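Right, one structure below, let's go through it.
When reading the values below, keep in mind they use all heavy atoms of this one structure, side chains included, and skip hydrogens, waters and symmetry mates. Bear in mind the structure is a predicted one, so any value in this text is a computation, not a measurement.
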Amino acid sequence: MKKNALLVSAIVVGLATVTLLSRTIDARRANDSAQSA
Amino acid sequence: LLLITGAIFLGELSAGQEAKIIVDLGLSAMLLFGAFIAIFVGVGLVYKEIERRTLYAILSKPIGRGQFLLGKYLGLCLTLLINVVVMGIGVSLALIYVRRGWNPLALQIWPAIFLIYFELMIITAVALLFSSFSSPALSALLTFFVFIIGHFSADLKNLATTANSAAARLLFRTLYYLLPNLANFSLITPAAHGVTPSASAFALATVYMFVYVGVLLAAATLIFSRRNFK
């Protein structure tokens, strides 16, 4: 039960991190294309 | 390797574009063959152990279900790494051969090759996740869909901004962030033009891959540990 809770929290934290990383990558890409334009 | 040899002959037909054709064809072949291996071997990893009943013998030992899945995943990743490195060396040698001497592209393509490998690691984890609860045929189909959607994630983002309904916008935005954004790893065309990703872009893609694979393996372990094999 405790192990399952740990896995679920790892998934939730991981998905939040992935979302944050996606936003960072998108912002960097937009910045790069604005600079090259 | 046959395709890379074919790319040399194809390159001969194009006026002065040999290197570009070789990189384009070689890296695309690497991605496609790697994806096929990741999908079709990945979906059978768990299923075969259950079908042959070898899983019972393995799980009777002091090995957790999570450790079993991790071992299977790392085994396939190692196979894919060897495949990608061998094909990468083939492409580099082909570039040196057509130039009749040293070609800087032979080294410049390696960041793109490693990004292809990272993408294959995500695809393998997706295949393992689906195979932990469904049949191989369905798992292969679902993994293939994720592979396709992952490459067109920019369209999901566009839909999230252009859809009329707020619910649809929320749905597309959620899908965009939750499904793997494989476009982050697709740098074949820039690599063919000798453009390498910046160190920070490469690092961000690497962190993204590790976190995403961690999430998928945690989800696969959660599902697999709740399965009853009696």
Is chain B contacted by the side chain of A/Arg23, its backbone, both, or neither, given a heavy-atom distance below 4.5 Å? both
Taking atom CG of A/Leu15 and atom OH of B/Tyr212, what is their separation to the nearest 0.5 Å? 7.0 Å
What one should report as the nearest heavy-atom pair of B/Ala218 and A/Ile11 is CB-CG1, 3.7 Å
Crowded around B/Tyr47 OH? As in, over 12 foreign heavy atoms under 6.0 Å? no
Minimum heavy-atom distance between B/Tyr208 and A/Leu21, given as atom pair plus value: CA-CD1, 3.6 Å
Which of residues 136-144 of chain B have a heavy atom under 4.5 Å from any heavy atom of chain A? none
Checking side-chain contact (heavy atoms from CB on, under 4.5 Å) against B/Val211, which of A/Val13, A/Thr17, A/Leu20 comes through? A/Thr17
Considering non-hydrogen atoms only, spot the tightest contact between A/Ala10 and B/Val215 and give its length. O-CG2, 4.5 Å
List the atom of B/Ala201, the atom of A/Arg28, and the distance in Å for their closest heavy-atom pair. N-NH2, 4.1 Å
Here the gap from A/Leu7 atom CG to B/Leu222 atom CG, rounded to the nearest 0.5 Å, amounts to 5.5 Å
Within 6.0 angstrom of B/Phe210 CZ, more than 12 heavy atoms from elsewhere: no
So do A/Val18 and B/Tyr177 actually touch side chain to side chain, heavy atoms under 4.5 Å? no
Where does B/Ser225 contact chain A at under 4.5 Å (heavy atoms): side chain, backbone, both or neither? side chain
I need the B/Asn184 CG to A/Asp26 CG distance, nearest 0.5 Å. 7.5 Å
